[in-house]
Amino acid sequence: MSAHQDVKKVVLAYSGGLDTSVILRWLQKTYNCEVVTFTADLGQGEELEPARKKAEMFGVKEIFVEDLRETFVKDFVFPMFRANTLYEGQYLLGTSIARPLIAQRQIEIAEAVGADAVAHGATGKGNDQVRFELGYYSLKPDVKVIAPWREWDLTSRTKLLAFAEENQIPVTKDKRGEAPFSVDANLLHSSSEGKLLEDPSIAAEEIVFQRTISPEAAPDVATEIAIDFVSGDPVAINGVEMTPATLLTRLNELGRDNGIGRLDIVENRFVGMKSRGIYETPGGTILLAAHRSIESITLDREAAHLKDSIMPRYAEIIYNGFWFSPERRMLQALIDTSQHSVTGRVRMRLYKGNVTCVGRESPHSLYDTRVVTFEDDEGAYNQQDAQGFIKLNALRLRLGGQIGRRGGTL
């Protein structure tokens, strides 16, 4: 029996676009199996009902279209932001953090409908194939995974369109020409890659940007907002309490209107190649700055520095697709423990692409005016104590200098 005959029912991560529509029909023809479609609303900003109608047109009997925005922000985005996560010092991991949720829900649906396989539309060159499949195998070790881009011979846009024509798959008119670039979006960010963006020496045209106006076009008057945090998570803007997804949506609007969150980077993919991407994370950029600001008065120095030291490792784990790994869970436990007192309010000024903290306060603040003041501290701090502190820290340097190792010479 061939591998194709082994598959009776497969759950496909389905967007309704050209690629996944071709995959749906290809699965039906190649594997002669029942296909179940799963379409997740993660805040990509597109109408999802057309995906349902397309799936019905292909004879799909079990169609799942689900709004996962609140789950996405509460259980994936916010835990990541507690760590102030940046991959390679810049990237806020908007695509990376969405994949484990999609994989998790696919496996849940597969088990609910009795499917023996799952499928995705990620190519064999990118990170997403790794993220999806590491998630699948973590949650259902014996699941069969189908990755059409690694199996079929539809290796070009022309061949995809030809397959679509042959199988009566509707193709939107703009897809009949070469797409200018590839876009992936969710409530946290939008990502643009490929085609006219493949030369990293050429600046991206304004048409590339989906989520933000240019800083030059932003208002000449700054916008000031207050963000309230409870145990490391934002809960309100300007005193108005909001659900996680509603709050991030509002921050996105504020970021968009002030030209905040644009990023043009060349990153190192897990599979080994370098890739140029244009990312827009308006709300996330504000949230990162605000979270660091409330931490600045609530976190102990050594706790904050330890947390910063593990962040690059934590970011790499998420970027590479290991959200469900034991090491990510271990680091998450440490990060979450650090957030117990990260509660308070920060005031942020938004202006032409910039995010600046202009005030912060907390009932758990470690900032003590009596100790730090330049005025009379009335004995709160004895400056003479610094002499012994300095001498003890200088001891090894003095000993080295005495035998000729001056100025740090080894």
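None of the values given here were measured: they were computed from a predicted structure. When a residue number appears, it is its place in the shown sequence, counting from 1.
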Between [X] and [Y], which heavy-atom pair has the shortest distance, and what is it?
{"X": "Ser362", "Y": "Ser341", "value": "OG-O, 4.3 Å"}
{"X": "Ile278", "Y": "Ala204", "value": "CD1-CB, 3.8 Å"}
{"X": "Thr343", "Y": "Ile294", "value": "O-CD1, 4.1 Å"}
{"X": "Ala289", "Y": "Val355", "value": "CB-CG1, 3.8 Å"}
{"X": "Glu62", "Y": "Val36", "value": "O-CG1, 3.3 Å"}
{"X": "Leu161", "Y": "Leu18", "value": "CD2-CD2, 3.9 Å"}

Go through the side-chain N and O atoms of Thr212 and Arg262 and say whether any donor and acceptor fall under 3.5 Å apart. yes
Taking [Y]'s backbone N and O only, do any of them form a donor-acceptor pair with [X]'s side chain (distance below 3.5 Å, no angle check)?
{"X": "Glu280", "Y": "Arg211", "answer": "yes"}
{"X": "Asn186", "Y": "Leu188", "answer": "yes"}
{"X": "Glu34", "Y": "Lys9", "answer": "no"}
{"X": "Gln28", "Y": "Val60", "answer": "no"}
{"X": "Glu47", "Y": "Glu49", "answer": "yes"}
{"X": "Arg256", "Y": "Ile213", "answer": "no"}
{"X": "Glu88", "Y": "Leu86", "answer": "no"}
{"X": "Lys274", "Y": "Val266", "answer": "no"}
{"X": "Thr285", "Y": "Thr281", "answer": "yes"}
{"X": "Ser21", "Y": "Gly17", "answer": "yes"}

Is there a side-chain contact (heavy atoms from CB on, under 4.5 Å) between Trp323 and Gln104 once you walk through the steps? CA-CA 11 Å; Trp323 177 262; Gln104 175 179 288; 5.9 Å; no
Is any side-chain N of the basic residue among [X] and [Y] closer than 4.0 Å to the acidic one's carboxylate O?
{"X": "Arg313", "Y": "Glu316", "answer": "yes"}
{"X": "Arg345", "Y": "Asp228", "answer": "yes"}
{"X": "Glu253", "Y": "Arg250", "answer": "yes"}
{"X": "Asp153", "Y": "Lys159", "answer": "no"}

Please, which pairs that meet ring-ring contact (aromatic ring centres under 6.0 Å, His included) have at least one residue in residues 331-379, sequence neighbours excluded? none
So if I apply the side-chain contact (heavy atoms from CB on, under 4.5 Å) rule between Val118 and each of Lys144, Gln106, Lys140, Glu133, which one comes out positive? Gln106
Once you round to the nearest 0.5 Å, how far does [atom1] of [X] lie from [atom2] of [Y]?
{"X": "Ile286", "Y": "Leu254", "atom1": "CD1", "atom2": "CG", "result": "5.5 Å"}
{"X": "Lys391", "Y": "Arg398", "atom1": "NZ", "atom2": "CZ", "result": "6.0 Å"}
{"X": "Glu108", "Y": "Phe38", "atom1": "CD", "atom2": "CZ", "result": "8.5 Å"}
{"X": "Asn252", "Y": "Asp257", "atom1": "CG", "atom2": "CG", "result": "10.5 Å"}

Which word best sums up how the rings of Trp26 and Tyr31 line up, parallel for under 30°, tilted for 30 to 60°, or perpendicular for over 60°? perpendicular
With sequence neighbours left out, which residue pairs that include part of residues 233-247 fulfil the side chain to side chain donor-acceptor pair (under 3.5 Å) condition? Glu70-Thr243, Arg82-Asp233, Thr243-Thr246
Would you say CD of Glu66 has more than 12 non-hydrogen atoms from neighbouring residues, nucleotides or ligands within 6.0 angstrom? yes
Pair Phe163 + Trp152: ring centers closer than 6.0 Å: no
Could you check, using the six-membered ring where one of them is a Trp, whether Phe132 and His120 have ring centers closer than 6.0 angstrom? yes
Does the Lys NZ or Arg CZ of Arg52 fall within the cation-pi geometry relative to Tyr14 - under 6.0 Å from the ring centre and within 45° of the axis? no
